[in-house]
Every structure is written in C-alpha cells, then in structure tokens.
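Below: the structure, in structure tokens.
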Amino acid sequence: MTDLAAAKAALKTQAVETPSWAYGNSGTRFKVFAQAGVPRTPVEKLDDAAQVHAFTGVAPTVSLHIPWDKVEDYSALAKHAEDRGVRLGAINSNTFQDDDYKLGSICHPEASVRRKAVGHLLECVDIMDATGSADLKLWFADGTNYPGQDDLRARQDRLAEGLAEVYARLGDGQRMLLEYKFFEPAFYATDVPDWGTAYAHCLKLGPKAQVVVDTGHHAPGTNIEFIVATLLREGKLGGFDFNSRFYADDDLMVGAADPFQLFRIMYEVVRGGGFTSDVAFMLDQCHNIEAKIPAIIRSVMNVQEATAKALLVDRSALAAAQASGDVLEANAVVMDAYNTDVRPLLREVRDEMGLDPEPIGAYRRSGWAEKIVAERVGGEQAGWGA
Ligand code: AOS
Ligand code: ZN
Ligand code: ZN
C-alpha cells in the first residue's frame, strides 16, 4: 500500500536546481540559433530562473558557471537572487575554453598550465565564499585524442595532485562534486571518464568530495540507476546533472528521451534515502531550438513526475515479492507505479502550495516572455561561452 499523503509531503520538499547557462543562447558546433529576449547578464538569467521557481515552487536555486557568470560583486548577485526569491547554487568551473588548455588543464603535461587550472578552481572556491554556495562542481574536458599522446597514469597523478590542493581549500560546509563523462571533447581517453574513476579520486580525497552523475554522460545502454544505487550506498552520490539524450551528451530536457530511465533513477534515489539527504538535483541542459523558460519548467515537471512515480512504488509489496523470488510480481509492482498517471497528484500538490496546477500554461499567460523580448533589446546576449 502506498502513502499518498507522504508522497505529496515529500514532493513539496523537492528542490531542483536550474543552470544559469540554460537560459542563455546555446547550440551545436554547427549553429547557435539566437532567441529574442535571451538574458544578457547573470542578473537577467536570475530573473528568468526566478520565473521557473515562481511557477513550479521547487526550483529555488540556480547554478552559476565561471567565467560565463563572472561579475564584479558576487555578494550583490547573491542579494539580487534572494530579492527575486531564489538563491545561488553550485559554482561550476570552466577549464575547457582557454587556448592554454588544448592538451588538458589540471592534467596538462606542463606544470604552468596545471597551475593556471588549479588557480581557476581556487578562484571558484573564493566565489563560493562570497555567494554562500556549498558546492563546487568540477567537470574536466581533459583527455587525449590518440594512443601515446600522453601517459594515462601520469595524467591521473596530476589530476589527484590538483584536486587535493583544491580540496584542502574547501571551507566548512563546502563540497567538491566531481563529474565524469565518457567522451567529448577528447576522443581517445577522457581523464575522468566514468563513475569508477570519479569515485576512486573522491574516496582518496575525503568526505567533502563526491560524484556527480550527469545522465547524458554514459555509453548507450548503461544501467545508470545501478551507478546511482552504488554511489548512494557508498555515501558518494553528490548530485545529478539531469538532462536526456538520444545519442550523446545531447543536453535535452530531462525525461524527454527516456522517462522510464528517469523513473528508475529516482526510485533508487528514494530507495537509498537520497531524497532527504544532501544529493543535489541539478539540471544541466541546453535549449537550442525550444523556448528556454518553458523548457526548463517542463524539465522540472518531468523530474517531479518521475519522483512521484518512484514514491508510489509499494515498497512492502515489492520486498515481499523479491524475498519470495516472485519475478513477475516484483516487476509488476514497479511497473504499476511507473504506469500511474501522477499528473492529478502533482496538480493537487501545486494547488496546496498555492500555485497554478499547470505551470507552463500559467507562465505563458504571465506575459513574461513578451516582456523580456520587448525589454532585452541590444547588448550582448548571454549564452554558452558568454
Ligand atoms: C559537460 O558536458 C558537462 O556536462 C558540464 O557539467 C556542463 O556542460 C557545463 O559545462 C557546466 O560546467
Ligand atoms: Zn554536466
Ligand atoms: Zn554534459
């Protein structure tokens, strides 16, 4: 039997962090299709993120990306966020867009380049001190394109040395979240390619280092929920970069490509107690051809729907079926939850939170889209790399 009241209570506490870069222009290496009304500054990104939280009620924090969101006064930016009803979240480093990083950053063969990369990471921790952010999110594009290009082991030693220096800088209540990715932009070997590598480094670093699972960063067919269950069990699941993919790291709306996989992931989170711990549920998406704010609202709703279904799994019936080896019954219990239409439940939750039960319709009627197109004329539009 599932407890609907408990599920609704849990859904009201959910928090999905939206990424500043999702509000800006983005595209592929073939073309960036600029959109009217796109934010031109980090302040305007926060204004848009505040809309997502206002209509969903569960998107209270916004990830920043340095240098894309570089400002003179981070405390003032944090104050602007709070004035808009949101808070600054994770600080994302960027060691992948500087010419010096052609052969890597923290893993680079030259000590001077590694020094520059570590310096940037330390600057990100300084920014965390100013914004009050708890999480430093690290994704390294570091890798090699050809066998023999560099020494795979030496690169791991360099990575460990650089991470250890940054780890030592972390203050109380601050964490380092290490994100892995199996390929791109490196094509032969990526220095943090999989959960095992990230986990091994985090284990050596200590309790403030945890792993980020980006749902678009696995080879096709990977059982991501197994990785989630294992990292949670080891106390090393720091959070997610949610998105969805059909082929590679497509950064599409989470849940759009494979809602069943998102449900299975959220079930392992709920089952493993990750829903009430300090696991960060972050989006990491790019909305290249669709309107950005409603796409992010839809993404938040997709996470809510997967979570609601996961909360509805009849855990006692499932345990009984598993214990008795009743394969079909155990699978049926899980599929019953997945096949439940949870939209009425979520409409009730939103209504009880004082929100419009249909966030996207409410956003569309709000006039915000028209307002920003009219006002945000001129000036450099923000986007990936700006
Ligand atoms: C790159 O593929 C990673 O997913 C990054 O986490 C993300 O794209 C962005 O660069 C934030 O740093
Ligand atoms: Zn990511
Ligand atoms: Zn990615």
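We count ligands from 1, going down the list as the structure has it; atoms in each ligand are counted the same way.
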Heavy-atom contact under 4.0 Å between K137 and ligand 1?
yes
Can you name the N/O/S atom of [X] that is nearest the Zn ion (ligand 2)?
X	answer
E179	OE2
D284	OD2
D214	OD2
D241	OD2

Classify the side-chain pair [X]/[Y] by whether it contains a donor and acceptor separated by less than 3.5 Å.
X	Y	result
Q285	D241	no
T2	D314	no
Q51	D48	no

Using a 4.0 Å cut-off to any heavy atom of [X], which atoms of ligand 1 qualify?
X	answer
D249	2 (O)
F96	10 (O)
N92	11 (C), 12 (O)
D284	3 (C), 4 (O), 5 (C), 6 (O), 7 (C), 8 (O)
D241	6 (O)
H65	10 (O), 11 (C), 12 (O)
D214	4 (O)

Could you label the plane-to-plane angle of the [X] and [Y] rings as parallel, tilted or perpendicular, counting under 30° as parallel and over 60° as perpendicular?
X	Y	answer
F242	F240	parallel
F263	Y267	tilted
F55	Y363	perpendicular

Compute the shortest N/O to N/O distance between [X] and ligand 1 and return yes if it is under 3.5 Å, no if not.
X	result
W68	no
D251	no
K181	yes
W139	no

For the residue pair [X] and [Y], is the inter-centroid distance of their aromatic rings smaller than 6.0 Å?
X	Y	value
Y180	H218	yes
F96	Y101	no
Y146	Y188	no

Closest N/O/S atom of D249 to the Zn ion (ligand 3), by atom name?
OD2
Geometric cation-pi criterion R245 and Y247, 6.0 Å radius, 45° cone
no
Establish, for the pair K236 and Y199, whether the NZ or CZ atom is under 6.0 angstrom from the six-membered ring centre and no further than 45 degrees off its axis.
no
among protein heavy atoms, the one nearest atom 6 (O) of ligand 1 is E179 OE1, 2.7 Å
